[in-house]
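Following: one structure in structure tokens, then a few remarks.
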Amino acid sequence: MTTQRSFKARVRTRMEKTGESYTTARRHLINRAAEPAAPPAQESTAAAPPAAAAAQTERIADDLIRDRTGRGWAEWFGLLDAASATGWTHTRIARHLGTEHEVAGWWAQTITVGYEQARGLRAPGQRRGGGFEASASRTVAVSARRLFEAFADETARARWLPDVEVRVRTATAPRSFRADWAGGPTRIVVGIDAVGESKARVSVLHEKLTGAEQAAELKAYWRERLAALKALLETDGDHR
């Protein structure tokens, strides 16, 4: 009984992190448990490298992509392959998804990155041109506007993102927020997607990073900060 209860808790934790259905999250955990254990690593005095960034297709569940865009990962990849998109620029792929398939801007970018990674055009955590970036996302039980204000309002932002200087570049309520980070040269791009009237998903992309180590550090940082934001907003409630 205790083991079963613990497994169900792990499933629910994964659902919260990925937005997957209970069935999908359960299947992933079962499949992971069935994988053979990795061979023991050789002893080394060198420092361990930063954890590799997760691929877009691992970070964002197929069910979620299908729900938001009408197709799953494999279907989008098949359509892009048929259009010979491996020879296109990132901008052209994203524009094609928007104009030809009516995919909203943030999700067009998401699919484009996933496709580029799957076809070897960029590594996870790396931009198409060779630079690096970090990303994290979270679903919060408040409205999209309330979530937007947590970024755009300086006083509200300081409650969960203290001691960080940001210079706002653009802020379009309640969908997007862009800012230079701590005086530059890195910057953040925030997308907010409503999931009903009282729930929204926020995705943060931290761009122009110096390498894989910084990308891994900032990915962990944003996961922790978005967890803090979720706890703050859900405790306060949606009062606005």
Side-chain angles (χ1 to χ4, degrees), residues 14-21 24-25 27-29 31-32 50-83 85-98 100-139 175-176 178 186-193 195 200-209 211-223 225-226:
R14 181 182 174 93
M15 289 170 62
E16 180 60 39
K17 289 182 178 179
T18 65
E20 296 168 344
S21 66
T24 300
R27 184 175 68 249
H28 279 297
L29 289 176
N31 289 344
R32 183 181 299 175
Q56 194 86 315
T57 52
E58 297 174 359
R59 192 174 62 83
I60 301 177
D62 189 75
D63 286 353
L64 182 59
I65 284 289
R66 187 180 301 279
D67 181 62
R68 297 292 186 271
T69 69
R71 292 183 174 90
W73 283 116
E75 293 168 275
W76 283 120
F77 293 173
L79 284 173
L80 291 172
D81 283 341
T86 53
W88 296 356
T89 64
H90 175 93
T91 301
R92 184 178 176 185
I93 297 172
R95 185 182 296 122
H96 173 80
L97 291 169
E100 297 298 323
H101 300 286
E102 299 182 349
V103 180
W106 183 262
W107 290 103
Q109 293 289 337
T110 297
I111 294 168
T112 299
V113 171
Y115 179 73
E116 290 171 334
Q117 291 175 354
R119 297 300 179 259
L121 301 175
R122 68 158 90 187
Q126 185 178 36
R127 292 185 61 83
R128 182 77 173 265
F132 286 82
E133 58 192 20
S135 60
S137 61
R138 201 79 173 184
T139 299
R175 299 184 61 84
S176 64
R178 296 171 180 263
T186 70
R187 65 189 181 193
I188 59 172
V189 180
V190 181
I192 296 169
D193 185 38
V195 187
R201 185 173 183 84
V202 57
S203 299
V204 177
L205 180 67
H206 203 135
E207 301 180 318
K208 295 191 173 183
L209 307 183
E213 183 174 359
Q214 186 184 28
E217 291 174 353
L218 282 169
K219 187 174 187 67
Y221 171 82
W222 279 112
R223 283 177 173 173
R225 285 295 85 207
L226 291 184

Across all chains, not counting sequence neighbours, the salt bridge (Lys or Arg N to Asp or Glu O under 4.0 Å) partners of R71 are none
pair T57-F77: side-chain heavy atoms closer than 4.5 Å: yes
For the pair Q56 (side chain) and Q117 (backbone), establish whether a donor and an acceptor sit closer than 3.5 Å, ignoring hydrogens and angles. no
With a 4.5 Å cut-off on side-chain heavy atoms, are R138 and V204 touching? no
Just wondering, do Q109 and L205 contact through their side chains at under 4.5 Å, heavy atoms? no
Would you say R68 and T110 make side-chain contact, with heavy atoms under 4.5 Å? no
Heavy atoms of Y115 and A85 approach each other most closely as CE2-CB, 3.8 Å
Residues that A136 engages under side-chain contact (heavy atoms from CB on, under 4.5 Å), provided they are two or more places apart: W222, R223, L226
What distance do E207 atom CD and I188 atom CD1 have between them, rounded to the nearest 0.5 Å? 10.0 Å
Only counting residues at least two apart or in another chain, list the ones meeting side-chain contact (heavy atoms from CB on, under 4.5 Å) with A83. W88, H96
Answer whether the closest heavy-atom distance between the side chains of R187 and R178 falls below 4.5 Å. no
Tell me, please, which residues at least two apart from D67 pass salt bridge (Lys or Arg N to Asp or Glu O under 4.0 Å). none
Taking every non-hydrogen atom, the tightest pair across V195 and R201: CG2-N, 4.1 Å
Shortest non-hydrogen contact between L97 and A108, atoms and distance: CD1-O, 3.5 Å
Measuring from atom CD1 of I111 to atom CD1 of I93, what distance do you get when rounded to the nearest 0.5 angstrom? 11.0 Å
Looking at CZ of R95 and NE2 of H90, how far apart are the two atoms once the value is rounded to the nearest 0.5 Å? 10.5 Å
List the residues meeting salt bridge (Lys or Arg N to Asp or Glu O under 4.0 Å) with R66, not counting sequence neighbours, and say none if there are none. D62, E75
So, do I60 and W107 sit near enough that their side-chain heavy atoms are less than 4.5 Å apart? yes
Quick one, T69 and H101 - any side-chain contact, counting heavy atoms below 4.5 Å? no
Could I get the full list of ring pair (Phe, Tyr, Trp, His ring centres under 6.0 Å) partners for W106, not counting sequence neighbours? none
H206 versus Y221: any side-chain heavy-atom pair under 4.5 Å? no
